[in-house]
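Here is the structure we will look at, set down as structure tokens.
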Amino acid sequence: MRKPFMWGKQLPTTAHKGAPLVVENVHKRFVQGAKIAHVLRGVSLTVKSGEIVALVGESGSGKSTLARTTVRLYTPDGGKLIFDGQDVTRVSGRQLQNYRERVQMLFQDPFASLNPTHKVRTILLRSLPTRARSLPSRARDALLREVLDQVGLTPADNFLHQYPHELSGGQRQRVALARSLAGKPDLVVADEPVSMLDVSLRLGVLNLMLSLNDQYGIGYLYITHDLASARYVASRIAVMYAGEIIEEGPADEIIAHAMHPYTQILVQAAPDPQRHGRGDVDETVFSGEPPNLSQEIVGCPFQFRCSHVMNRCRQEPPPMRSAEVGHQVKCYLFRDEVTTVVSD
Ligand SMILES: Nc1ncnc2c1ncn2[C@@H]1O[C@H](COP(=O)(O)OP(=O)(O)OP(=O)(O)O)[C@@H](O)[C@H]1O
Ligand SMILES: [Mg+2]
């Protein structure tokens, strides 16, 4: 049983209990001079109400683009975003503002994402939802203290009047987390929220995210290079490659029974989640290059690096297939409902 929200009784309520986000066949392209980079190539992903889903993939696979598109910092060029049953793909004005209040983004670099000229109080005040703007300032400050308390920055009064540069890296990321939480969001899209922090501080911030999920049902889309932390925080893992989700399933299942050749290499390269320095997707050595996103990819995007590549992989992209319950993979090595390897 979830406890009710402990903070923010000052907020005029729209009692949120978490809501599902459905990303449906989303495309995103960027124009770069004469070239067009097709960065998201039909991404489908669901984060259920209060769920923690990890998105892993190497640098350049499109994770941050998906994060920014998901929170509507970018508008998709194709596909749909459905949040709490509403199509938010192209909403604007008041509806977009409402969506952004309920689905928050937490960035990688807390220093770059916090305005250095503002004190913590101003930073947090600016993050409050519209419905909190009309509160008397005493009630708003009480709310800010509660939020700082939730993220372990106590006593809150010491922090409210500090500037970001006066804080440690871990404290800054806690302020960033407080900012994303102040309006009681349903979902936080966290783009590598701990990768800039000292190793000693990472676990603290991850545990804090977990406890906020546990207590208040706040869902996360947790984006990371680090398979070990994905397994630690998430119930599901989605693996991204060249702008597509190529495998998705329960976290333990993905680690124990990775199916896609790409995921298998990632998992094999990260044998010990406890060992420091292992488990980073970008440290994994592959032969061959990922595809050029400015060109059309004919067939499977992983064909250029795959040791199992077959003729059909070069002709048509493999569709997403279900293997086990909730475990899906885009690879011709597997047929629906079958986990045995088939030959060419
Ligand atoms: N605004 C943009 N304009 C043009 N190209 C972009 C833009 N944003 C991202 N890209 C390109 O899209 C691709 C994916 O970038 P993205 O930042 O989403 O990857 P990522 O998976 O987050 O990588 P990293 O792990 O390094 O953060 C890259 O090739 C990048 O150069
Ligand atoms: Mg990124």
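Keep in mind it's a predicted model, so treat the numbers as computed, not measured. Only heavy atoms go into these numbers, but all of them, side chains included; no hydrogens, no water, no symmetry mates. Both counts, for ligands and for their atoms, begin at 1 and track the order of listing.
Atoms of ligand 1 found under 4.0 Å from any heavy atom of G60, numbered from 1 in the order shown, are 13 (C), 14 (C), 19 (O), 20 (P), 21 (O), 23 (O), 24 (P), 26 (O). For ligand 1 and T65, the ligand atoms under 4.0 Å from any heavy atom of the residue are 9 (C), 15 (O), 16 (P), 18 (O). Less than 4.0 angstrom separates some heavy atom of H225 from each of these atoms of ligand 1: 25 (O). Against a heavy-atom cut-off of under 4.0 Å, Y74 is close to the following atoms of ligand 1: 1 (N). Proximity to E58 (heavy-atom distance under 4.0 Å) selects the following atoms of ligand 1: 21 (O). Every atom of ligand 1 with a heavy atom of S64 under 4.0 Å away is listed here by number and element: 17 (O), 18 (O), 20 (P), 22 (O), 27 (O).
Of the N and O atoms on the side chains of H327 and E247, at least one donor lies less than 3.5 Å from an acceptor on the other residue. Using modelled atom types and a 3.5 Å distance limit, the side chains of D87 and T89 yield a donor-acceptor pair. Residues R72 and T69 have side chains that never bring a donor and an acceptor to within less than 3.5 angstrom of each other. When only modelled atom types and interatomic distance are considered, N311 and Y332 share no side-chain donor-acceptor pair under 3.5 Å.
Residue contacts with ligand 1: E192 is included, with a non-hydrogen atom under 4.0 Å away. By the 4.0 Å heavy-atom criterion, G62 is counted among the residues contacting ligand 1. Residue G57 places no heavy atom under 4.0 Å from ligand 1.
S59 OG, 3.6 Å is the protein heavy atom nearest to atom 24 (P) of ligand 1. Distance from atom 5 (N) of ligand 1 to its nearest protein heavy atom, with residue and atom name: Q32 NE2, 3.2 Å. Nearest non-hydrogen protein atom to atom 1 (N) of ligand 1 is F30 CE2, 3.6 Å. Scanning all protein heavy atoms for the shortest distance to atom 11 (C) of ligand 1 gives V39 CG2, 3.9 Å.
Geometric assessment of R321 against the ring of F334 yields a negative cation-pi assignment under the 6.0 Å and 45° thresholds.
For atom 30 (C) of ligand 1, no protein non-hydrogen atom is found at a distance below 4.0 Å.
A donor-acceptor pair under 3.5 Å is absent between the side-chain atoms of Q303 and the main chain of V309, judged by distance alone. A donor-acceptor contact shorter than 3.5 Å links the side chain of Y220 to the backbone of M209.
If you look at F30 and Y74, their ring centroids are closer than 6.0 Å.
At least one N/O/S atom of S64, from backbone or side chain, sits under 2.8 Å from the Mg ion (ligand 2).
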Given D191 and K63, is the salt bridge (Lys or Arg N to Asp or Glu O under 4.0 Å) satisfied, shown in steps?
CA-CA 8 Å; D191 189 2; K63 303 181 299 298; over 6 Å; no

